Asker: 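Submitted below is the structure of interest, expressed as structure tokens.
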Protein chains: 2
Amino acid sequence: MPEQPQEPRRTPLSRDRVLRAAVAFADGSGIEALSMRRLAQELGVVPMALYKHVASKEELLDGMVEVVVAGIGGRAPGSDWKSAVRGRILGARGALLAHTWAAQVIRSRSGPTPAVLAYLDSVIAMFRAGGFSLDLTHHVMHALGSRVLGFTEELFDDPASTAPQDERAQAAAYEEMARRYPHVTELARSVAHDRGSVIGPGCDDAFEFAFALDLLLDGFERLHAQGWNSTP
Amino acid sequence: MPEQPQEPRRTPLSRDRVLRAAVAFADGSGIEALSMRRLAQELGVVPMALYKHVASKEELLDGMVEVVVAGIGGRAPGSDWKSAVRGRILGARGALLAHTWAAQVIRSRSGPTPAVLAYLDSVIAMFRAGGFSLDLTHHVMHALGSRVLGFTEELFDDPASTAPQDERAQAAAYEEMARRYPHVTELARSVAHDRGSVIGPGCDDAFEFAFALDLLLDGFERLHAQGWNSTP
DNA sequence: ACCTGAACACCGTTCAAGT
DNA sequence: ACCTGAACACCGTTCAAGT
């Protein structure tokens with residue numbers, strides 16, 4: 001019997017290996033480049049081999065979310081509810097920053113995966129430990145929305161990303177902009193001025209995230225202190 | 001010369017007609033069913049005919065956002081900044097509720113379209129008319145995020161949408177849920193109890209939206225009153 | 001029983017051939 | 001010059017044939 005050519009299948013495929021490969025691929029090439037076919041190619045297997053470990057692409061995406069969310073840290077036991085929640089949410093933000101595709105994929109999922117539920121459970125527990133009523137905790141969780149997982153929908157992600165064009169066209173575009181959207185333009189100009197550059201590096205995401213988070217947490221604290229109730 | 005068969009091309013194609021057809025199609029069949037090929041079929045033309053009016057599917061989606069955002073009302077001139085902003089944002093929410101796909105499509109776009117810029121300009125103008133500094137207005141707009149356009153990322157869209165299964169399996173799943181996520185379960189149970197149903201109709205979206213919006217607006221008011229500055 | 005190549009039913013978009 | 005059918009380079013997933 002002739003010797004079989006040694007196949008270089010280093011590690012046998014497993015659900016975990018598929019998921020980690022998908023995360024690494026999305027990190028490197030972007031989520032839009034991730035397809036079952038390309039992932040299989042990356043792993044050196046035939047596309048259909050993936051379907052033994054994930055039932056569908058949907059399940060693959062769910063699994064990728066699990067990997068990222070399971071990596072959220074930021075637990076600081078013993079502190080007051082406010083700094084506990086704050087620390088945990090900033091921890092979530094950190095985990096998501098490492099995987100730029102994660103927020104988008106979480107948004108696209110219909111229901112929460114187990115790791116997301118476990119995470120939410122831990123945040124709810126912090127409010128409850130701080131003496132929040134079930135009623136207030138409920139609405140407070142809604143008010144946080146996706147911010148509890150460390151991301152928010154920004155409407156203008158980078159206003160400075162205009163395609164390079166010649167000076168005259170740029171000046172004309174700017175003038176048109178200032179004429180049609182005077183307040184947007186004024187705001188953009190003042191931000192650029194504050195940061196000392198005409199085509200600035202955009203806004204400080206970390207500052208804006210903390211600004212809004214603290215505004216909400218302060219609001220929660222105030223409602224809690226006055227014994228707020230949804231049906232007075 | 002034989003008579004040409006009368007073609008039933010009622011109205012000649014135009015960019016506007018293409019966009020309105022796309023909006024109607026997405027309203028009826030969902031955004032995921034919308035493809036260039038199916039839209040062309042709907043309009044009784046060959047797929048390539050669309051490309052004379054929209055350069056790509058991306059541009060089609062941008063155009064659809066324009067149609068929806070241009071339809072936002074809620075301008076109440078003469079009122080104070082808080083009720084003006086509140087009314088306008090609730091108006092945006094109304095416009096988006098009529099097109100369930102709109103929020104998702106806006107999220108997926110990279111930059112703001114002209115109608116979105118015009119809308120943002122009008123909201124910024126309201127804060128400025130209320131005496132807000134450029135600095136505070138800037139951060140306040142970030143804090144609103146997508147909420148300024150009437151939508152937010154809710155993490156659990158309808159927790160009651162469990163697939164129908166036999167009672168025993170359901171009870172087991174519930175018990176498992178209560179064991180692994182005790183705080184989530186407690187919260188869900190209290191909400192269901194308040195609304196008087198075991199498998200309730202979910203949460204009151206309109207209430208949650210207004211709750212969070214008012215919390216933010218109150219926070220803005222407080223910062224404005226105390227002359228808040230990002231660099232004290 | 002397991003594995004997998006080919007096929008199916010789609011995409012968005014290019015392009016060359018036809019009028 | 002305009003219009004459009006066929007083709008290209010992809011998808012996710014099914015399925016039957018091969019080992």
Side-chain angles (χ1 to χ4, degrees), chain A residues 1-15 17-19 21-23 25-26 28-65 101 104-105 107-111 113, chain B residues 1-15 17-19 21-23 25-26 28-65 101 104-105 107-111 113:
Chain A
M1 193 183 279
E3 209 177 310
Q4 296 278 40
Q6 181 85 25
E7 294 229 339
R9 190 188 293 170
R10 312 264 159 76
T11 331
L13 224 50
S14 70
R15 184 182 161 86
R17 211 163 89 80
V18 169
L19 295 184
V23 167
F25 184 87
S29 307
I31 193 73
E32 72 286 344
L34 178 71
S35 72
M36 297 299 275
R37 290 165 127 104
R38 290 210 53 178
L39 179 59
Q41 190 182 306
E42 205 77 9
L43 284 161
V45 299
V46 86
M48 283 313 296
L50 298 177
Y51 284 84
K52 210 181 331 183
H53 301 99
V54 287
S56 63
K57 190 180 181 183
E58 298 288 289
E59 202 186 288
L60 176 76
L61 293 171
D62 277 339
M64 292 168 72
V65 171
W101 47 269
Q104 181 183 148
V105 172
R107 285 183 320 210
S108 75
R109 308 289 74 211
S110 58
T113 54
Chain B
M1 194 183 277
E3 208 177 309
Q4 295 278 36
Q6 180 85 27
E7 293 228 342
R9 192 188 292 170
R10 312 264 158 77
T11 331
L13 223 52
S14 70
R15 183 183 161 86
R17 213 164 87 79
V18 168
L19 295 184
V23 167
F25 184 87
S29 306
I31 192 71
E32 73 287 344
L34 177 72
S35 72
M36 298 299 275
R37 290 165 127 103
R38 289 210 53 177
L39 179 58
Q41 191 181 306
E42 206 76 8
L43 284 161
V45 300
V46 84
M48 283 313 297
L50 299 176
Y51 284 84
K52 209 181 331 186
H53 301 99
V54 287
S56 63
K57 190 179 182 185
E58 298 287 289
E59 202 186 289
L60 176 76
L61 293 172
D62 277 341
M64 292 169 70
V65 171
W101 47 269
Q104 180 185 147
V105 172
R107 284 182 320 210
S108 75
R109 307 291 74 212
S110 59
T113 54

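Predicted model only: the values in this text are computed from it and were never measured.
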Asker: Whole angstrom is fine here: how far is it from OH in Tyr51(A) over to P in dC11(D)?
Answerer: 11 Å
Asker: Please report the distance separating the P of dG18(D) from the corresponding atom of dC8(C), rounded so that it comes out in whole Å.
Answerer: 16 Å
Asker: Would you compute the distance between atom CD of Gln104(A) and atom CZ of Arg109(A) and round it to the nearest 0.5 angstrom?
Answerer: 11.0 Å
Asker: Toward the 5' end of DNA chain C, which comes first, Arg37(A) or Lys52(A), by nearest nucleotide?
Answerer: Lys52(A)
Asker: Work out how far the P atom of dA9(C) is from that of dA9(D), and round it to whole angstrom.
Answerer: 22 Å
Asker: For the pair made of CE in Met36(A) and P in dT4(C), what is the distance, rounded to whole Å?
Answerer: 15 Å
Asker: Specify the separation, in whole Å, of atom CZ of Arg38(A) and atom C1' of dG12(D).
Answerer: 16 Å
Asker: Would you mind reading off the distance between Leu39(A) atom CG and dC10(D) atom P, rounded to a whole angstrom?
Answerer: 17 Å
Asker: Which base sits across from dA1(D) as a Watson-Crick or G-U pair, both distances under 3.5 Å?
Answerer: dT19(C)
Asker: Side chain of Val46(A) only, heavy atoms from C-beta on: which candidate in dG5(C), dC11(D), dT4(D) is closest?
Answerer: dG5(C)
Asker: Answer yes or no: is there a side-chain heavy-atom contact under 4.5 Å between Met64(B) and Leu60(B)?
Answerer: yes
Asker: What's the CG-P distance between Leu13(B) and dT4(D), to the nearest Å?
Answerer: 11 Å
Asker: Checking contacts here: which listed nucleotide (dA6(C), dT4(D), dG12(C)) is nearest the side-chain heavy atoms of Met48(A)?
Answerer: dA6(C)
Asker: Give the C-alpha distance, both sets of side-chain angles, the deciding distance and a yes or no for side-chain contact (heavy atoms from CB on, under 4.5 Å) between Leu19(B) and Val23(B).
Answerer: CA-CA 6 Å; Leu19(B) 295 184; Val23(B) 167; 5.6 Å; no
Asker: Can you tell me how far CE of Met48(A) sits from CZ of Arg37(A), rounded to the nearest 0.5 angstrom?
Answerer: 10.5 Å
Asker: Between Leu34(B) (CG) and dC10(C) (P), how many Å, whole number?
Answerer: 15 Å
Asker: Could you give the NZ-to-C1' distance, from Lys57(B) to dC11(D), as a whole number of Å?
Answerer: 13 Å
Asker: Rounding to a whole Å, what distance do you find between His53(B):NE2 and dG12(C):P?
Answerer: 18 Å
Asker: Taking C-beta and beyond as the side chain, do Leu13(B) and His53(B) meet within less than 4.5 Å on heavy atoms?
Answerer: yes
Asker: Given that both distances must come in under 3.5 Å, which nucleotide forms a Watson-Crick or G-U wobble pair with dA6(C)?
Answerer: dT14(D)
